[in-house]
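Here's the structure we're looking at; comments come further down.
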Amino acid sequence: GTSREDGTFRYRTSSQALLTSLLLTRNFAMKVLVLLLTVAVAFAIKRFDGEQVLRIIPQNEGQVEQLAKLEMTDTGLDFWRRPSSVFRPVDIRVPKDLSSYVQTLLDSTSMQYTVMIDDVQQLINNQTSGSITNEFDFDQYNSYEDINAQLQEFADKYPSLTTHITIGNSFENREINAIRVGSAGTDKPAIFLEGQIHAREWVVSATLLYNIKFLLESYNSVSEITTLLNRVDFYFLPITNPDGYEFSRNSDRMWRKTRILYGSSWWGGYCYGADPNRNWDAGFGGPGTSTDPCSDTYHGPSAFSEPETLALKNWLQANGNNIKAYLAVHAYSQMWMTPYGYTNSKPAHYNEQNRLAAEVVDAIQSVNGLSFEHGTIADVIYLAAGSSCDWTYDALGIKYSYAIELRDTGNYGFLLPENQILPSANEFYAGLLVVARQVNSEYN
């Protein structure tokens, strides 16, 4: 202790120091614990045990509005198909802890629902075979690294028919790789295929990889394909959002967005990423987008704020003079849609766009019997501003710009089993050839 003038001793200083030291140590320990937990959570694979996907078919405008309000106010719910109009299905993945809340809400508003998926985790477990082969397996969902290696393999095996292209880099510095397929030639009209801008739509990259294979293997053996590749170029970008894709493989199967840290939520978690298909400068910030960084449809702080969309935009502006069709490929819902998504107005070329879309869906149906809807994005699915397809039409004048939703219609949703990759690839290929024939006849 320290001696006072009155001869008494003071012990408080040392006890305070000890208490302060203990508190600091405790606070530090707590911070370390929180940090370790955060790291553990970051590396843990999110599970979806017992989570259901419910389908609601709104019967009137009031129910559509209630569902839209629910989407805007509850970021804990994952809307696989968003509310748009009366009688159009709305699919919602419901976390277990919100199940009774949602059931009560639906019952109180007299909304009828069916359970589309009873256990999301069960489908995730069944989705991938897990078999390991030395060769690239087109009937599996492959990693970003393996897909890149396969693009390089195509380029090495077919040097006279391909060019390997790096469009840019993602936020986490992964290369955004594409491949041009077509025989040598100058000023050939081209088709650009943008794949998997939304991370969880795994069947998209798998479908596109098969389509590259189909084209390359048919050159010099199928006369029509030989002619088309001599006269038209195909640019395939299997994974536009590589950070999100890898995160969906390793951490959260339901991840949709990019991976920039944008803020924290009311419950103390962190909010990552913007929706890269709401990030284009086409009605940016308009309907069908969110200002909340925690929302799956967060449009980002500004148009092209995401390195992935900016890189693609810059590449298209620099190299896109000959691109006559732009296919933004998504899943799921079986749709082949024209602009616009940011407005209910029809584009100037709507009749030509929709006529070709009708031919495409007929060709698709002839393969496996699946029917796809066609029309504008706003009419067929919902208003959604800031999409790539609207931007390529408005900014680059690419008349045949489409947003496409591959199979299915909701039995599996984003969790399509691997045995459906080849059927999806076959039907999409039939549609792609319809577009290629149009581009060839109109622009050559």
Side-chain angles (χ1 to χ4, degrees), residues 82 84 167-168 176 178 189-198 233-235 237 240-241 257-258 274-291 297-330 335-358 360 373-405 432 435 438-439 442-443:
R82 296 178 42 241
S84 56
I167 278 171
I176 300 167
I191 299 167
F192 192 100
L193 296 98
E194 166 221 291
Q196 224 165 314
I197 204 166
H198 287 145
D233 281 336
F234 297 77
Y235 290 91
L237 171 55
T240 311
N241 176 10
K257 301 189 287 179
T258 57
D275 180 339
N277 204 40
R278 302 289 185 276
N279 191 239
W280 297 70
D281 196 8
F284 178 80
T289 71
S290 173
T291 56
T297 54
Y298 174 52
H299 51 53
S302 58
F304 303 116
S305 57
E306 307 312 285
E308 298 81 1
T309 56
L310 182 62
L312 181 50
K313 172 196 91 116
N314 289 342
W315 189 91
L316 290 167
Q317 284 178 324
N319 303 281
N321 283 346
N322 293 325
I323 296 173
K324 304 303 179 188
Y326 188 94
L327 311 183
V329 190
H330 294 256
M335 297 163 174
W336 198 285
M337 298 171 289
T338 78
Y340 286 117
Y342 66 83
T343 173
N344 285 307
S345 303
K346 303 270 193 294
H349 298 95
Y350 177 70
N351 289 339
E352 289 171 84
Q353 293 163 331
N354 199 44
R355 176 196 53 75
L356 183 60
V360 166
E373 292 181 72
H374 62 93
T376 69
I377 298 168
D379 283 350
V380 171
I381 195 165
Y382 41 60
L383 280 165
S387 75
S388 60
C389 147
D390 283 358
W391 184 84
T392 55
Y393 177 71
D394 275 356
L396 301 184
I398 300 172
K399 179 167 69 177
Y400 298 116
S401 290
Y402 294 102
I404 298 147
E405 298 281 353
L432 176 59
V435 176
Q438 180 64 35
V439 166
E442 187 171 336
Y443 297 103

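Numbers for residues simply follow the sequence, beginning at 1.
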(request) Take V435 and W336 through the side chain to side chain contact (heavy atoms under 4.5 Å, CB included) test and state the conclusion after the steps. (result) CA-CA 12 Å; V435 176; W336 198 285; 3.9 Å; yes
(message) Between K399 and E352, does any side-chain N to carboxylate O distance fall below 4.0 Å?
(response) yes
(request) Report the distance from atom CD1 of I167 to atom CD1 of I176, rounding to the nearest 0.5 Å. (result) 7.5 Å
(request) Would you indicate whether the side-chain heavy atoms of K346 and N354 approach each other to under 4.5 Å? (result) no
(request) Could you please spell out the steps behind the side chain to side chain contact (heavy atoms under 4.5 Å, CB included) verdict for L327 and F234? (result) CA-CA 11 Å; L327 311 183; F234 297 77; over 6 Å; no
(message) I need the minimum non-hydrogen distance between N344 and A378, along with the two atoms involved.
(response) OD1-CB, 3.7 Å
(message) For the OG1 atom of T343 and the CG atom of L383, what is their distance to the nearest 0.5 Å?
(response) 7.5 Å
(message) Within the structure provided, determine whether T240 and P276 are in side-chain contact (heavy-atom separation under 4.5 Å).
(response) no
(request) Give the intermediate values and the outcome of side chain to side chain contact (heavy atoms under 4.5 Å, CB included) for residues M335 and I381. (result) CA-CA 8 Å; M335 297 163 174; I381 195 165; 3.8 Å; yes
(message) Restricting to non-hydrogen atoms, name the atom on S388 and the atom on N277 that form the minimum distance, rounded to 0.1 Å.
(response) N-OD1, 3.1 Å
(message) Quick check: do H330 and M337 have side-chain heavy atoms less than 4.5 Å from each other?
(response) no
(message) Ignoring hydrogens and geometry beyond distance, is a side-chain donor-acceptor pair present between Q353 and Y402 at under 3.5 Å?
(response) no
(request) Check for a donor-acceptor pair, side chain of R278 on one end and backbone N or O of G288 on the other, with a separation under 3.5 Å. (result) yes
(request) Working to the nearest 0.5 Å, report the span between CD1 of I191 and CD1 of I323. (result) 10.5 Å
(request) Give a yes or no on whether the backbone of W315 and the side-chain of N319 come within a donor-acceptor separation of less than 3.5 Å. (result) yes
(request) May I ask you to check whether N241 and T258 show a side-chain donor-acceptor distance below 3.5 Å? (result) no
(message) Please find the pair of heavy atoms, one from H374 and one from A357, that lie closest to each other, and give the distance.
(response) CB-CB, 3.9 Å
(request) List the atom of N279, the atom of S302, and the distance in Å for their closest heavy-atom pair. (result) ND2-O, 3.0 Å
(request) Assess the side chains of H349 and Y393: does a donor N or O sit below 3.5 Å from an acceptor N or O? (result) yes
(request) Measure the OG-CD1 distance between S387 and I197 for me, rounded to the nearest 0.5 Å. (result) 9.0 Å
(message) If I compare all heavy atoms of D390 with all of Y340, which pair ends up nearest, and what's the gap?
(response) OD1-CA, 3.3 Å
(message) Within the structure provided, determine whether W391 and L312 are in side-chain contact (heavy-atom separation under 4.5 Å).
(response) no
(message) Could you check whether any side-chain heavy atom of L193 comes within less than 4.5 Å of a side-chain heavy atom of L432, counting everything from C-beta outward?
(response) yes
(request) Compare every heavy atom of H299 with every heavy atom of T291, then report the nearest pair and how far apart it is. (result) CG2-NE2, 3.7 Å
(request) Would you give the length of the straight line joining atom CG of D281 to atom CG of L310, rounded to the nearest 0.5 angstrom? (result) 11.5 Å
(request) Check whether any side-chain heavy atom of D394 lies under 4.5 Å from a side-chain heavy atom of Y342, and answer yes or no. (result) yes
(request) Report yes if the distance between the aromatic ring centroids of F304 and F284 is under 6.0 Å, otherwise no. (result) no
(request) Please step through side chain to side chain contact (heavy atoms under 4.5 Å, CB included) for the pair L316 and Y326, ending with a clear verdict. (result) CA-CA 10 Å; L316 290 167; Y326 188 94; 3.7 Å; yes
(message) Within this structure, what is the CG-CD distance for the pair D275 and E306, rounded to the nearest 0.5 Å?
(response) 9.5 Å
